[in-house]
Trainee: 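For reference, the structure I am asking about is given below.
The shown structure was predicted, so the numbers you read here are calculated from the model rather than taken from an experiment. The figures that follow rest on heavy atoms only: side chains count, while hydrogens, waters and symmetry mates do not.
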Amino acid sequence: MDTSVKAQWLGHSAFKLVSPNDNTILIDPFLSQNPATPDEYKQQDEVDYILLTHGHEDHVGDTLEIAQNTGCKVATMVELSRLLVGKHGLSEDQAIEFNKGGTVDFDDFSVTMVSANHSSSFKGDYAGDPAGLVITFDNDITFYHLGDTNIFYDLELYGELYEPDIIAVPMGDHYTMGPEEAAMACELIEADYAVPIHYGTFPVLTGDPKVFKEETEDCCDTEVWIPKAGENFLG
């Protein structure tokens with residue numbers, strides 16, 4: 001793929017993206033307590049932005065510690081953002097709240113929040129709706145992180161609207177889609193490439209990425225990449 005974006009899967013639903021202008025972006029940075037994240041990546045010292053799909057602790061992860069240590073911006077759903085600021089010590093100056101359908105522009109990329117079919121809370125408090133995040137890099141690729149979700153027909157619309165090049169698709173089952181349902185989600189979106197996420201971290205997440213790859217590539221033209229945790233799959 002012809003892109004200046006760098007991308008690394010850090011295990012579970014966590015990603016590190018580096019934009020063409022060298023902005024470092026973490027998505028759902030569940031790292032220090034993540035058994036799938038290699039030790040050398042559990043601490044992140046140079047971060048410009050954190051993007052959160054929803055409030056569950058296996059997604060918020062190390063957000064507060066990283067934000068305090070780096071001064072990065074944290075962008076997420078309104079209610080989760082206000083919860084992190086109001087009860088958990090995130091600096092208001094670092095918080096960026098937005099909502100579904102909204103787009104926030106940064107240096108050389110933008111983030112659009114879309115729906116996900118799931119739930120959201122943080123440390124027992126309601127954290128607003130869950131979301132997916134469409135990250136569009138200026139004059140470059142579009143990366144769509146579906147968050148935690150079930151299948152729903154809006155995914156087809158998002159594929160038409162945003163034409164993502166790469167999608168990160170939860171397929172571990174139990175809390176999200178399993179492999180077969182996730183493959184159908186890929187068929188709706190019609191991205192060029194898909195990366196399976198939210199599997200294997202804990203015993204209950206039994207979805208097999210190889211089954212996901214087989215089912216997806218049987219039903220549509222999306223090619224499935226299966227990186228190892230810590231592996232760069234772009235750049």
Side-chain angles (χ1 to χ4, degrees), residues 5 7 12-17 19 23-30 47-61 63-64 66-67 72-86 88 90 92 94-122 125-138 140-170 175-177 185-186 188-189 191 194-195 197-198:
V5 175
H12 203 57
S13 296
F15 287 87
K16 178 180 179 179
L17 307 178
S19 77
N23 288 296
T24 298
I25 305 156
L26 295 181
I27 306 173
D28 287 357
F30 172 52
V47 180
D48 298 297
Y49 301 95
I50 292 175
L51 311 177
L52 299 177
T53 62
H54 65 291
H56 290 159
E57 291 177 47
D58 60 326
H59 295 261
V60 175
T63 293
L64 295 168
I66 294 170
C72 69
K73 300 292 187 181
V74 178
T76 190
M77 174 60 72
V78 173
E79 289 83 359
L80 177 56
S81 182
R82 294 182 183 180
L83 190 59
L84 294 177
V85 170
H88 300 284
L90 178 65
E92 190 170 358
Q94 292 174 260
I96 298 172
E97 62 178 47
F98 63 134
N99 213 316
K100 291 182 287 187
T103 299
V104 179
D105 294 318
F106 296 108
D107 174 40
D108 62 340
F109 67 97
S110 63
V111 183
T112 301
M113 184 178 288
V114 296
S115 291
N117 190 350
H118 193 60
S119 60
S120 181
S121 60
F122 183 66
D125 289 318
Y126 172 69
D129 277 0
L133 300 171
V134 180
I135 305 163
T136 302
F137 295 93
D138 296 350
D140 211 302
I141 64 168
T142 296
F143 179 90
Y144 173 20
H145 192 301
L146 273 67
D148 278 6
T149 192
N150 182 28
I151 194 170
F152 59 113
Y153 264 115
D154 290 3
L155 296 173
E156 183 174 13
L157 182 61
Y158 297 150
E160 293 177 10
L161 278 171
Y162 304 113
E163 298 182 337
D165 299 283
I166 304 172
I167 54 177
V169 187
Y175 293 113
T176 69
M177 298 182 286
C186 291
L188 291 174
I189 299 169
V195 175
I197 62 172
H198 209 279

Trainee: Applying side chain to side chain contact (heavy atoms under 4.5 Å, CB included), can you list everything that pairs with Thr63, at least two apart in sequence or on another chain?
Mentor: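 Side chain to side chain contact (heavy atoms under 4.5 Å, CB included) check on Thr63 returns Pro29, Ile50, Leu52, Val60, Val74.
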Trainee: Starting at CG of Leu133, measure out to CE of Met113 and round the result to the nearest 0.5 Å.
Mentor: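 One gets 6.0 Å once the value is rounded to the nearest 0.5 Å.
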Trainee: Does the side chain of Ile166 come within less than 4.5 Å of Ile141's, by heavy atoms?
Mentor: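 Yes, their side chains come closer than 4.5 Å.
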Trainee: Who are the side chain to side chain donor-acceptor pair (under 3.5 Å) partners of Thr149, not counting sequence neighbours?
Mentor: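 With sequence neighbours excluded, Thr149 shows a side chain to side chain donor-acceptor pair (under 3.5 Å) to no residue whatsoever.
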Trainee: For Ala95, which residues count as a side chain to side chain contact (heavy atoms under 4.5 Å, CB included) partner, sequence neighbours excluded?
Mentor: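 Here the qualifying residues are Ser81, Val85, Leu90.
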Trainee: Go through it in stages, so that I can follow the logic: the residues are Val134 and Val111, the test is side chain to side chain contact (heavy atoms under 4.5 Å, CB included), and I'd like the CA-CA distance, side-chain angles, deciding distance and then a yes or no.
Mentor: CA-CA 6 Å; Val134 180; Val111 183; over 6 Å; no
Trainee: Quick test of your reading: applying side chain to side chain donor-acceptor pair (under 3.5 Å), list the pairs with at least one residue in residues 100-109, sequence neighbours left out, ordered by first then second residue.
Mentor: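 Passing the test, one end in residues 100-109: Ser19-Asp108, Asn21-Asp107, Asn23-Asp107, Asn23-Asp108, Lys100-Asp129, Thr103-Thr112.
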Trainee: Residues two or more places apart in sequence or in another chain: which of them pass ring-ring contact (aromatic ring centres under 6.0 Å, His included) with Tyr158?
Mentor: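 Scan of Tyr158 (ring-ring contact (aromatic ring centres under 6.0 Å, His included), adjacent residues dropped) gives none.
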Trainee: Just jot down the side chain to side chain contact (heavy atoms under 4.5 Å, CB included) partners of Leu157, sequence neighbours excluded, or say none.
Mentor: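 Scan of Leu157 (side chain to side chain contact (heavy atoms under 4.5 Å, CB included), adjacent residues dropped) gives Glu160, Leu161.
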Trainee: What closest approach, in Å, do Leu26 and Lys16 show between heavy atoms, and which atom pair accounts for it?
Mentor: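 Shortest heavy-atom separation between Leu26 and Lys16 comes out as CD2-CB, 3.8 Å.
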Trainee: Please give me the minimum heavy-atom distance between Ala127 and Met77, naming the atom from each residue.
Mentor: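 Ala127 and Met77 have their closest heavy atoms at O-CG, 4.1 Å.
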Trainee: With sequence neighbours excluded, tell me which residues meet ring-ring contact (aromatic ring centres under 6.0 Å, His included) with His145.
Mentor: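 Partners of His145 by the ring-ring contact (aromatic ring centres under 6.0 Å, His included) criterion, ordered by chain and then number, come out as Phe15.
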Trainee: Mind checking what makes salt bridge (charged side-chain N to carboxylate O under 4.0 Å, His left out) contact with Glu97, not counting sequence neighbours?
Mentor: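 For Glu97 the salt bridge (charged side-chain N to carboxylate O under 4.0 Å, His left out) partners, ignoring immediate neighbours, are Arg82.
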Trainee: Specify the closest pair of heavy atoms between Val104 and Phe106, including all atoms of both residues, with the distance to one decimal.
Mentor: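 Taking Val104 first and Phe106 second, the nearest heavy atoms are CG1-CZ, 3.5 Å.
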Trainee: Any chance you could lay out the side chain to side chain contact (heavy atoms under 4.5 Å, CB included) test for Phe122 and Leu80, step after step, and finish with the verdict?
Mentor: CA-CA 8 Å; Phe122 183 66; Leu80 177 56; 4.1 Å; yes
Trainee: Determine the minimum heavy-atom distance between Ile189 and Leu155, stating which atoms define it.
Mentor: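 Closest heavy-atom pair between Ile189 and Leu155: CG1-O, 3.5 Å.
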Trainee: Using the rule given for side chain to side chain contact (heavy atoms under 4.5 Å, CB included), can you reason through Ile167 versus Leu146, listing the C-alpha separation, both sets of side-chain angles and the distance that settles it, and then say yes or no?
Mentor: CA-CA 7 Å; Ile167 54 177; Leu146 273 67; 4.0 Å; yes
Trainee: What is the distance from atom NE2 of His118 to atom CG of Asp148, rounded to the nearest 0.5 Å?
Mentor: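 If we round to the nearest 0.5 Å, His118:NE2 and Asp148:CG are 4.0 Å apart.
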Trainee: Take atom OH in Tyr162; do more than 12 heavy atoms of anything else shown fall under 6.0 Å from it?
Mentor: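 Yes, because the 6.0 Å sphere around OH of Tyr162 holds more than 12 heavy atoms from other groups.
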Trainee: Roughly how far, to the nearest 0.5 Å, is SG of Cys72 from CG of Leu51?
Mentor: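 Atom-to-atom, Leu51:CG and Cys72:SG are 9.5 Å apart.
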Trainee: For His59 and Thr53, work out which heavy atoms get closest and say how close.
Mentor: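 Answer, listing the atom of His59 first, then Thr53: ND1-OG1, 3.8 Å.
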Trainee: Who are the salt bridge (charged side-chain N to carboxylate O under 4.0 Å, His left out) partners of Glu57, not counting sequence neighbours?
Mentor: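 Here the qualifying residues are Lys123.
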Trainee: Tell me the closest heavy-atom pair linking Ala14 and Asp28, and the distance in Å.
Mentor: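 Taking Ala14 first and Asp28 second, the nearest heavy atoms are CB-O, 3.2 Å.
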Trainee: For the CG atom of Asn117 and the CE atom of Met177, what is their distance to the nearest 0.5 Å?
Mentor: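 Answer for the CG-CE pair, Asn117 versus Met177, is 9.5 Å.
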Trainee: Quick one: do Thr142 and Ile135 satisfy side chain to side chain contact (heavy atoms under 4.5 Å, CB included)? Show the steps, please.
Mentor: CA-CA 6 Å; Thr142 296; Ile135 305 163; over 6 Å; no
Trainee: Nearest 0.5 angstrom please: Leu83 CG to Asp125 CG, how far?
Mentor: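 Going from CG on Leu83 over to CG on Asp125, the span is 5.0 Å.
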Trainee: Tell me every residue that passes side chain to side chain contact (heavy atoms under 4.5 Å, CB included) with Asp58, counting only those two or more places apart in sequence or in another chain.
Mentor: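 Counting only residues at least two positions away or on another chain, Asp58 forms a side chain to side chain contact (heavy atoms under 4.5 Å, CB included) with His12, Phe30, His56, His198.
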Trainee: Could you check whether any side-chain heavy atom of Phe143 comes within less than 4.5 Å of a side-chain heavy atom of Thr136, counting everything from C-beta outward?
Mentor: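 A side-chain contact under 4.5 Å is absent here.
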Trainee: Do Val114 and Asp154 make a side-chain contact, defined as non-hydrogen atoms from C-beta onward lying under 4.5 Å apart?
Mentor: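 The answer is no, as the side chains (C-beta and beyond) never meet within the 4.5 Å cut-off.
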Trainee: Can you name the residues that form a ring-ring contact (aromatic ring centres under 6.0 Å, His included) with Phe137, not counting sequence neighbours?
Mentor: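 Expected list: Phe109.
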